[in-house]
**Q** 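Starting off with a structure, shown below.
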Amino acid sequence: MGSALGLNDQAGALMALTIATWNINSVRLRSGLVQKFLKEAKPDILCLQETKCPDDQFPHGDFRKIGYGHIAVSGQKGYHGVAVLSRLPFATQSVKQFAGKADCRHISVELSENAGSLAGLVVHNFYVPAGGDIPDPEANEKFAHKLAFLDEMKQWGKKDKPASKKAVLVGDLNVAPLEHDVWSHKQMIDVVSHTPIECDKLNAAIKSGKWVDAVRTLKPEPEKLFTWWSYRAADWVASNRGRRLDHIWVSEDLAGSLKKTEIHRDARGWERPSDHVPVTLTIA
DNA sequence: ATGGTTGTCATACAA
């Protein structure tokens, strides 16, 4: 056997798919860590955010040489940037603008016919604006931009119905929507990423798009789940003041196929780490 | 209440 695609039947139909999301905070600086993760976790698809890399400088070869031959990128100089690395071919790819800015914060791919039972699956990769420090849209235009972006995600879910077919939405959504998505609900209530208005808007986007929060379905509250720990902590392990900012949602028709999710916490302790860790979901 | 770190690109700015 030795299939590169994980669990396959004899006809080659895809029986299982593992998808991962990771805010890498510079793909060029951390290409080595991406390769380490790909070799260890072996996802079929990895969605990256904050690549901080113009498309003509993206290190395609680093990932092609270890089996990720299908790569879709939408990057810009210095800031933002998203990418999809895949062992499976794409039929199409596209990018969408949100909240009236040309920021590279979204890319989607559709799997080709070779993907067996998951042929046609659409993967949306998002990088929602962080929103600055002050949780007031009047005083802080970055927060206003974040709220507008979340509102537009809701409208998109309602109007374009991206989850009306087999689809997965992943990314750094920069909101920890549930009480147990932060180390202290009480101490985080006025901190950007966990304010009620952001949580409400993210939940409205899930609802209007008929998405299912796959990670929380498999690991329900009150278990605390974090995917990000600040660089500013003197000791991130000891303080453990994390937040769940990185998410994987699936369309309703995939909700019965959720098999396993993992938050790769160890990656936060790797050398020169990103402040986010990878999250994986397996559907079968 | 404050400052704490990191990456990019060159000096502050975003996170």
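This is a predicted model, so every value here is computed, not measured. Chain A is the first sequence line, chain B the second, and so forth, proteins listed ahead of strands; every chain is numbered from 1.
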**Q** Whole angstrom is fine here: how far is it from CZ in A:Arg28 over to P in B:dT8?
**A**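 So the two atoms are 7 Å apart, to the nearest Å.
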**Q** Under 30°, 30 to 60°, or over 60°: which ring-plane class applies to A:Trp211 and A:Trp249, parallel, tilted or perpendicular?
**A**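 Ring orientation of A:Trp211 relative to A:Trp249: tilted.
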**Q** Rounded off to whole Å, could you give me the CD-to-C1' distance for the A:Glu141 and B:dC13 pair?
**A**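 Distance, rounded to whole Å: 13 Å.
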**Q** Taking A:Lys166 for the side chain and A:Ser117 for the main chain, is one N or O donor matched with an acceptor at less than 3.5 Å?
**A**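 Indeed, once roles are kept as given, a pair shorter than 3.5 Å links the two residues.
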**Q** Is there a side-chain contact between A:Arg272 and the phosphate of B:dT5, meaning an N or O under 4.0 Å from OP1 or OP2?
**A**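 Looking at the OP1 and OP2 atoms of B:dT5, neither is under 4.0 Å from any side-chain N or O of A:Arg272.
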**Q** What is the distance from CH2 of A:Trp236 to C1' of B:dG4, rounded to the nearest Å?
**A**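 The distance from CH2 of A:Trp236 to C1' of B:dG4 comes to 17 Å, rounded to the nearest Å.
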**Q** When you compare B:dA14 with B:dA10, how far apart are their P atoms, in angstrom units rounded to a whole number?
**A**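 One P to the other, the span is 15 Å.
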**Q** For the P atoms, the ones on B:dA12 and on B:dA1, what distance do you get once it is rounded to whole angstrom?
**A**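 Those two atoms are separated by 30 Å.
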**Q** Closer than 4.0 angstrom, basic N to acidic O: yes or no for A:Arg105 and A:Asp103?
**A**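 The answer is yes: the pair qualifies as a salt bridge.
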**Q** Base, sugar-phosphate, or nothing for A:Arg30, non-hydrogen atoms under 4.0 angstrom?
**A**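 Sugar-phosphate, no base atom in range.
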**Q** Whole-Å distance between B:dA14 P and A:Asn174 CG?
**A**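 To the nearest whole Å, that distance equals 14 Å.
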**Q** Tell me what A:His80 touches on the nucleic acid: a base, only sugar-phosphate, or nothing, going by heavy atoms under 4.0 Å.
**A**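 Sugar-phosphate contact only - A:His80 comes under 4.0 Å of backbone atoms but never of a base.
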**Q** Identify whether NZ of Lys or CZ of Arg in A:Arg268 sits under 6.0 Å from the centre of the six-membered ring of A:Trp236 and within 45° of that ring's axis.
**A**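 Because its charged atom sits under 6.0 Å from the ring centre and within 45° of the axis, A:Arg268 does stack over A:Trp236.
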**Q** What is the distance, to the nearest angstrom, from the CH2 atom on A:Trp228 to the P atom on B:dT5?
**A**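 Distance check: A:Trp228 CH2 to B:dT5 P gives 14 Å.
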**Q** Distance to the ring centre below 6.0 angstrom and angle to the axis at most 45 degrees; does that hold for A:Lys224 and A:Trp183?
**A**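 No, A:Lys224 does not lie over the aromatic ring of A:Trp183.
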**Q** What is the separation between atom CG on A:Asn25 and atom C1' on B:dC13, rounded to the nearest whole Å?
**A**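 Atom CG in A:Asn25 sits about 14 Å away from atom C1' in B:dC13.
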**Q** Do any side-chain nitrogens or oxygens of A:Lys77 fall under 4.0 Å of OP1 or OP2 in B:dT8?
**A**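 Answer is no, no contact under 4.0 Å.
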**Q** A:Leu173 has an atom CG; how far is it from atom C1' of B:dA15, in whole Å?
**A**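 Those two atoms, CG and C1', are 16 Å apart.
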**Q** Please report, rounded to the nearest Å, how far the P atom of B:dA14 is from the CG atom of A:Leu245.
**A**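 Going from CG in A:Leu245 over to P in B:dA14 covers 19 Å.
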**Q** At 4.0 Å (heavy atoms only), tell me whether A:Arg243 reaches a base, stays on the sugar-phosphate, or touches nothing.
**A**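 Here A:Arg243 touches no strand at all.
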**Q** In whole Å, what separates the P atom of B:dT2 from that of B:dT6?
**A**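 These two P atoms come out 23 Å apart once rounded.
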**Q** Would you mind telling me which residue lines up with the more 5' stretch of DNA chain B, A:Arg232 or A:Lys52, judged by nearest nucleotide?
**A**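 Upstream on the strand: A:Lys52.
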**Q** Does A:Ser26 place a side-chain N or O at less than 4.0 Å from the phosphate oxygens OP1/OP2 of B:dT8?
**A**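 Result: yes.
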**Q** Can you work out whether A:Ala130 or A:Tyr231 has the more 5'-proximal nearest nucleotide on DNA chain B?
**A**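 Result of the comparison: A:Tyr231.
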